[in-house]
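As structure tokens, the structure follows; a few thoughts come after it.
The structure presented is a predicted model; accordingly, all values stated were derived computationally and were not measured.
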Amino acid sequence: MTSKINLAPKNLVGIQAKGPSSFNEVEQSGSKFSEQLWREFIGKLVENGISLDRDMYGVSWPADDLTPPQYVHYFCGFESDGDVAGLTSLKLEGGNYFQYNCEVLAVDIDKGFQEAYINAMPNSGLKGRQGQHLEIYGEEYDPDSPIARFRILIPVE
């Protein structure tokens, strides 16, 4: 199921790095890059006794001028009203988003992003805009499941 939603601005805390996008054919897989960053982030939370029982956000924005970008800035984190020692803060801009409810084999997670960006979004009739691209891993996401269920949010006018 897909829909257009409006997301309020939020303050997030987490970690950030630059790496290949899910469309980077040379690197083969943006999911390997983001998976490594998520593992590092979750490790930091566990070390600091921070609960994992919350929505987690993946936030990306282009790191090059290609369409689609081959490299992205990627942030993984959670909503927080204040700073958390050892984590970076990021302002989630909010706004209108095309929401794609993704359900794919966890080993093929890049295919979910490609379906959202190459088929679902263009067929929605919505017009994209500049902004942060989001993934939201809520209660529907189970990291131990062979099926990855999460939401992909693409900025739209």
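- The structure places CD1 of I109 at 6.5 Å from SG of C102, a figure rounded to the nearest 0.5 Å.
- No chain of hydrophobic side-chain contacts below 4.5 Å, direct or via other Ile, Leu, Val, Met, Phe, Trp or Tyr residues, connects L92 to Y74.
- Every residue two or more places apart in sequence or in another chain that forms a side-chain contact (heavy atoms from CB on, under 4.5 Å) with R39 is listed here: E35.
- Across all their heavy atoms, G112 and Y100 have their closest contact at O-CE2, 3.9 Å.
- For the atom pair I15 CD1 and K44 NZ, the distance stands at 6.0 Å (nearest 0.5 Å).
- Among pairs with a residue in residues 130-148, those fulfilling salt bridge (charged side-chain N to carboxylate O under 4.0 Å, His left out) read E140-R151, at least two apart in sequence or across chains.
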Listing, residues 56-66 side-chain donor-acceptor contacts under 3.5 Å, not counting sequence neighbours, or none:
unit_1, atom_1, unit_2, atom_2, d
D64, OD1, L66, N, 3.0
D64, OD1, Q70, N, 3.4
D64, OD2, Q70, N, 3.0
D64, OD2, Y71, N, 2.9

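- Y117 is linked by a ring-ring contact (aromatic ring centres under 6.0 Å, His included) to F23, H133, counting only residues two or more places apart in sequence or in another chain.
- Side-chain contact check for K4 versus F98: every heavy-atom pair is 4.5 Å or farther apart.
- Within 6.0 Å of CG on D81 lie no more than 12 heavy atoms contributed by other residues, nucleotides or ligands.
- Two residues are said to be in side-chain contact when any heavy atoms from C-beta on lie closer than 4.5 Å; Q132 and L90 meet this criterion.
- Note: I154 CD1 to L126 CG = 9.5 Å, rounded to the nearest 0.5 Å.
- Taking I5 as the reference, S3, Y97, Q99, L153 meet the side-chain contact (heavy atoms from CB on, under 4.5 Å) condition, with sequence neighbours excluded.
- Considering CG of D55 and CD1 of I136, their distance stands at 6.5 Å, rounded to 0.5 Å.
- Under the salt bridge (charged side-chain N to carboxylate O under 4.0 Å, His left out) criterion, no residue pair touches residues 82-97, with sequence neighbours excluded.
- With hydrogens and angles ignored, the 3.5 Å screen pairs no side-chain donor or acceptor of S89 with any backbone N or O of V13.
- Two residues are said to be in side-chain contact when any heavy atoms from C-beta on lie closer than 4.5 Å; V156 and K127 fail this criterion.
- At least one side-chain heavy atom of I50 sits under 4.5 Å from a side-chain heavy atom of F78.
- When every heavy atom of F75 is checked against every heavy atom of G14, the shortest pair comes out as CZ-N, 3.2 Å.
- Between S80 and V84 the shortest heavy-atom distance is OG-CG2, 4.0 Å.
- Scanning for salt bridge (Lys or Arg N to Asp or Glu O under 4.0 Å) contacts around E115 gives an empty result, with sequence neighbours left out.
- The salt bridge (Lys or Arg N to Asp or Glu O under 4.0 Å) check on E103 picks up R149, with sequence neighbours excluded.
- Every residue meeting the ring-ring contact (aromatic ring centres under 6.0 Å, His included) condition with Y137, not counting sequence neighbours, appears here in chain and number order: W38, Y141, F150.
- Across A116 and P122, no two heavy atoms sit closer than the pair O-CD, 4.2 Å.
- In this structure, L134 CG and L7 CG are separated by 6.5 Å, a value rounded to the nearest 0.5 Å.
- Sorted by first and then second residue, the salt bridge (charged side-chain N to carboxylate O under 4.0 Å, His left out) pairs involving residues 8-22 (not counting sequence neighbours) are K10-E79.
- The side-chain contact (heavy atoms from CB on, under 4.5 Å) search around S51 returns D53, R54, not counting sequence neighbours.
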Criterion side chain to side chain contact (heavy atoms under 4.5 Å, CB included) on F41 and L37, from CA distance to verdict = CA-CA 6 Å; F41 174 62; L37 196 61; 5.8 Å; no

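- Cluster partners of V107 are L105, I147, counting Ile, Leu, Val, Met, Phe, Trp and Tyr whose side-chain heavy atoms approach within less than 4.5 Å, directly or via other members.
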